[in-house]
Amino acid sequence: MSKTVYTIAIADSNQSFHLRAGETLLAGMEKSNCRAIRVGCRGGGCGLCKVKVLHGQYQTKPMSRQHIKAHEHAAGLALACRVLPESDLVLQPDYFQNT
Amino acid sequence: MKKGVMRPGHVQIRVMDLGEALKHYVDLLGLIEMDRDEHGRVYLKGWTEVDKYSVILIEADAPGMDFMAFKCVDEATVDNLAQAIRDFGLEVTELPAGDLKDCGRRVQFVAPTGHVFELFATKEQTGKWGVSNVNPEAWPRGLKGMKATRFDHCLLYGDDLLGNLKLFTEVLGFDLAEQVIDPEGQPVGLFLTASMKAHDVAFIKHAEKNKFHHASFYLDSWEAILRASDLISMTDTPLDIGPTRHGLTSGQTVYFFDPSGNRNEVFTGGNYHYPDFPPISWKAEDLGKAIFYHDRLLNERFLTVLT
């Protein structure tokens, strides 16, 4: 049985990519041709992959409190390497650079 | 060793999940778990180290380094250096024996770059792991993963490099083995040694204080570095750079991240230093070759990812 595939769209741009349930947002992006999110430590510690989720459901693995404060977490900010999408997502582009 | 500081003694690293961290530091790196304490800290070491432990892992909500300690020849040295550090203008905190399990008293201070350092002279010596001190075998059987031999050094990022240079060389008796200098002749990288090694601690100039670039562990050969790189891929561990050679120190290296985002290095070989050697200098405009001797391209992640 194949896993569910989610579509991740970057707001206000043409960019999007797909990933499978169980893959983190950043890992999914790295496998695709999209380079919208910066890749750092991939462990929730350095803050380079900080994004804002505008739409969609997701879980997060532990993230450094230095980079995601409690109120930011509640506002939809997260480190992409620790985000596990549970639906299609739309991400805000302000928090990362296009390369 | 000029003023009685022998070698890196231990480093305390913050991790966000202790279970995941132990799989990394024990199963992948090959450090050995030596003890735990009632605060939840885990004590580890490389097999060739004679003291009981050199790496302390503590669970916290953000990764990074809490402190790095150097071992001194005796308690009198610790006292003398503590006074010299006070005379230099820094506050020195005394921590009692037993504050860290099976470690004697430590004196703690904050360097000009904001990093916390310690000096101590006494720690339980359990001997090299897995080999006797009498007619020892070549290596112990039962080592895991990369089979790291010892905790070797830390590279730390901070602002006041000149302040650190003065503290480490004039007060603590370290030598400047290698450096990176900008076009105005100012240091932007310092590689300091208390021994024959190319570095026991190193600093790179960075706007923020108290940032952790990596903790480094020693392997014995270039083949061991390749094998370590294979293990990094086998375990889906995030790779940073390498395997490759550094211009600075000439060491062969590979960098990767622990599950909390702390950067680790395993490396081998490279230059050695005696007190009469002048410092080796790399120009900041040639930083690409200084860090990546083959590629010569500056890698943004290597320069910016810190915990």
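Convention: sequence-line order gives letters A, B, ...; per-chain numbering from 1.
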Listed partners of Y218(B) passing ring-ring contact (aromatic ring centres under 6.0 Å, His included), at least two apart:
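Here the qualifying residues are F267(B).
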With a 4.5 angstrom heavy-atom cut-off, could you sort out which part of D17(B) is near chain A: side chain, backbone, both or neither?
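Contact with chain A involves no heavy atom of D17(B) at all.
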Taking side chain as everything from C-beta outward and backbone as N, CA, C, O, which of these in P259(B) sits under 4.5 Å from a heavy atom of chain A? Side chain, backbone, both or neither.
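For P259(B), the backbone is the part near chain A, not the side chain.
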Highest number of heavy-atom pairs under 4.5 Å with chain A: which of R14(B), E20(B), M16(B)?
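Top option by heavy-atom pairs under 4.5 Å: M16(B).
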Does K101(B) pair with D37(B) as a salt bridge, N-O distance under 4.0 Å?
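Between D37(B) and K101(B) there is no salt bridge, as every charged N stays at least 4.0 Å from the carboxylate O atoms.
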When C46(A), G43(A), C41(A), G45(A) are compared by non-hydrogen pairs under 4.5 Å with chain B, the top option:
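Looking at each of C46(A), G43(A), C41(A), G45(A) in turn, C41(A) comes out on top.
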Residues, nucleotides or ligands: over 12 heavy atoms within 6.0 Å of Y293(B) OH
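Open: at most 12 neighbouring heavy atoms sit under 6.0 Å from OH of Y293(B).
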Assess the residue pair R36(B) and E33(B) against the criterion (salt bridge (Lys or Arg N to Asp or Glu O under 4.0 Å)); give the C-alpha distance rounded to whole Å, side-chain angles, the decisive distance to 0.1 Å, and a yes or no.
CA-CA 8 Å; R36(B) 298 192 182 213; E33(B) 182 179 328; 2.7 Å; yes
